[in-house]
Amino acid sequence: MRLPRAVALVALCLGPAVGLSAQVRTIDLSGRPIAALSESFSSIVGGAELAGGGFVVVDRAERTVLLADFAKGTVTVLSRNGAGPDEYRMPSKVLANASGGAIVPDEALGRALLISSDGAITGTGLDRAEAGMPPIGIRGIDRSGRVYRFGASRTIDPDSLPIERWDPATRRVETVAWWPQSSATVGRARRQPGGGTRAELLAPTLFSSRPEWIVLADGAVAIVYSSPYHVEVVTPSGRRVRGPRISYNPVQVTKEYRAWFAKERGPTPDEMFPRTLPPFEDAGDLLASPSGEIWVRRLSDWNDSTPAYDIIDATGALRGRARLNAHSKIVGFGKGVAYVAREVPEDGLWYLEKYALR
């Protein structure tokens, strides 16, 4: 289901800190792209630029992995759907690796498709037997090739979950940060009169305002909070950098919004809605750039299809804003460029475009 969004960019530059008085700049990505493909996609969940110049993308609706070549204007399907060598069942995302290639986690087969820097499939790896690292839990890979994922819960009703880093060279797993999930809990453990506990589900709530996290290129982990809206970075050395509260104008959940939501997703009880929308919805709204930035898609009102971005530095200070064309979203980054998926509402198809980041 497509939600219109005012998209927000959270840029966490892990270089010299910039003070709160830094000048706010504007980035305009609403003009003409520097390159575009004529072939359409049913859906685009994300992509990664290869060192050889191609762009690997997953069309989740079609369950395909594709290589886009903007220089030639072509799109090529990589391998095929299946369970054999170099095949895939349910590709979920694309992550750039440390050697200029990419990996595509496969939720169904519990492994990842390995893609070289020139777009060739070189096999599969990161299967469930490797250090207990199921691909469905992978959130990112740093420039050293270390893999980041959720760790296992250690209690029946945890307040937080470990964020783990696995080094394939040493086979070592370590906890590098903790993800607070209290605001995202949809269940709880209730003690039984005779001892023991019983899981009890709570009524689900839309737009739960839970924090989400993403990995930056140098191995820092950035946790983006919705309430209050701010960013906390755990540096590679383990130091925690908490940014100030970020001011934004929350979208009011009106009867018009609820009516639109019911048309898009089906009837929903009013009590499931918050009074206002959080700044973003879930982990799918977070992207990391090669230079160590985080992009956070912002939720928008039901009748607003023009994306916008907040730009935030490593101190958590607002540095700028950016805008896209209507019905667009950023799906990946490259050297000085952003890859944008643009939807044509009339037929629901998506098209890939490439923009210079100035």
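Values below: all heavy atoms of this structure, side chains included; hydrogens, waters and symmetry mates excluded. What you see is a predicted model, and the numbers here were worked out from it, not measured in a lab.
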Could you list all the salt bridge (Lys or Arg N to Asp or Glu O under 4.0 Å) pairs where at least one residue sits in residues 45-68, not counting sequence neighbours?
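Pairs touching residues 45-68 that pass the test: Arg60-Glu107.
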
Is it the case that the side chain of Asp106 and the backbone of Pro91 share a donor-acceptor pair, with hydrogens and angles ignored and the cut-off at 3.5 Å?
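Absent.
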
Do Ser43 side-chain atoms and Ala61 backbone N/O form a donor-acceptor pair below 3.5 Å?
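Pair found, side chain donor or acceptor close to backbone of Ala61.
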
Looking at every non-hydrogen atom in both residues, tell me the closest pair between [X] and [Y] and how far apart they are.
X	Y	answer
Ala220	Asp218	N-OD1, 3.0 Å
Ser99	Ser117	O-CB, 4.1 Å
Arg298	Asn249	NH2-O, 4.4 Å
Leu161	Gly151	CD2-O, 4.5 Å
Ser144	Ala98	C-CB, 4.0 Å
Trp166	Pro168	O-CD, 3.4 Å

Side chain to side chain donor-acceptor pair (under 3.5 Å) against Arg146, all qualifying residues, sequence neighbours excluded:
Asp142

Once side chain to side chain donor-acceptor pair (under 3.5 Å) is applied, do any residues pair with Ser237, and if so which ones, sequence neighbours excluded?
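Checked Ser237 against side chain to side chain donor-acceptor pair (under 3.5 Å); matches are Thr235.
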
Taking the six-membered ring for Trp, are Trp213 and Phe150 closer than 6.0 Å centroid to centroid?
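Yes, ring centres under 6.0 Å apart.
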
So how far is it from [X] [atom1] to [Y] [atom2], rounded to the nearest 0.5 Å?
X	Y	atom1	atom2	result
Phe333	Leu287	CZ	CG	5.5 Å
Ile103	Ile141	CD1	CD1	3.5 Å
Leu216	Tyr148	CG	OH	9.5 Å
Tyr88	Arg111	OH	CZ	12.0 Å
Leu113	Arg89	CG	CZ	14.0 Å
Thr175	Glu164	OG1	CD	4.5 Å

Before giving the answer on side-chain contact (heavy atoms from CB on, under 4.5 Å), spell out for Tyr229 and Val224 the whole-Å C-alpha distance, their side-chain angles and the decisive distance to 0.1 Å.
CA-CA 7 Å; Tyr229 183 26; Val224 185; 4.2 Å; yes

Please report, to 0.1 Å, the donor-acceptor pairs under 3.5 Å made by any side chain of residues 64-79, with sequence neighbours excluded.
| from | atom 1 | to | atom 2 | distance (Å) |
| --- | --- | --- | --- | --- |
| Asp69 | OD1 | Ala71 | N | 3.0 |
| Asp69 | OD1 | Lys72 | N | 3.0 |
| Ser79 | OG | Asp86 | O | 2.4 |

Identify, with sequence neighbours excluded, every residue that meets salt bridge (charged side-chain N to carboxylate O under 4.0 Å, His left out) alongside [X].
X	answer
Asp347	none
Arg258	Asp270
Arg80	Glu87
Glu353	Arg342

Can you spot which of Thr276, Asp301, Leu277 makes a side-chain contact (heavy atoms from CB on, under 4.5 Å) with Val253?
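By the side-chain contact (heavy atoms from CB on, under 4.5 Å) criterion, Val253 pairs with just one of Thr276, Asp301, Leu277: Leu277.
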
Verdict with supporting geometry, Ile330 and Leu29, side-chain contact (heavy atoms from CB on, under 4.5 Å)
CA-CA 10 Å; Ile330 296 174; Leu29 300 178; 4.2 Å; yes

The single option from Arg240, Arg239, Arg245 passing salt bridge (Lys or Arg N to Asp or Glu O under 4.0 Å) against Glu232
Arg240

Name of the residue among Phe55, Trp295, Tyr355 meeting ring pair (Phe, Tyr, Trp, His ring centres under 6.0 Å) with Tyr339:
Phe55

Membership question, hydrophobic clusters at under 4.5 Å side-chain separation (ILVMFWY): are Met90 and Val94 in the same one?
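Each belongs to a different hydrophobic cluster.
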
Can a side-chain donor-acceptor contact be found between Gln252 and Thr254 if the only test is distance below 3.5 angstrom?
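Absent: no donor and acceptor within the cut-off.
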
Just to verify, what does [X] make a side chain to side chain contact (heavy atoms under 4.5 Å, CB included) with, not counting sequence neighbours?
X	result
Ala326	Ser305, Thr306
Ala341	Ile44, Lys329, Val331, Trp350
Pro274	Phe207

Tracing side-chain contacts under 4.5 Å among Ile, Leu, Val, Met, Phe, Trp and Tyr outward from Tyr351 reaches Val344, Leu349

Show, in sequence, the C-alpha distance, side-chain angles and deciding distance for Ser30 and Leu324, and conclude whether the side-chain contact (heavy atoms from CB on, under 4.5 Å) test is met.
CA-CA 4 Å; Ser30 64; Leu324 271 70; 5.8 Å; no

A side-chain contact here means heavy atoms from C-beta on lying under 4.5 Å apart; do Leu299 and Pro278 qualify?
yes

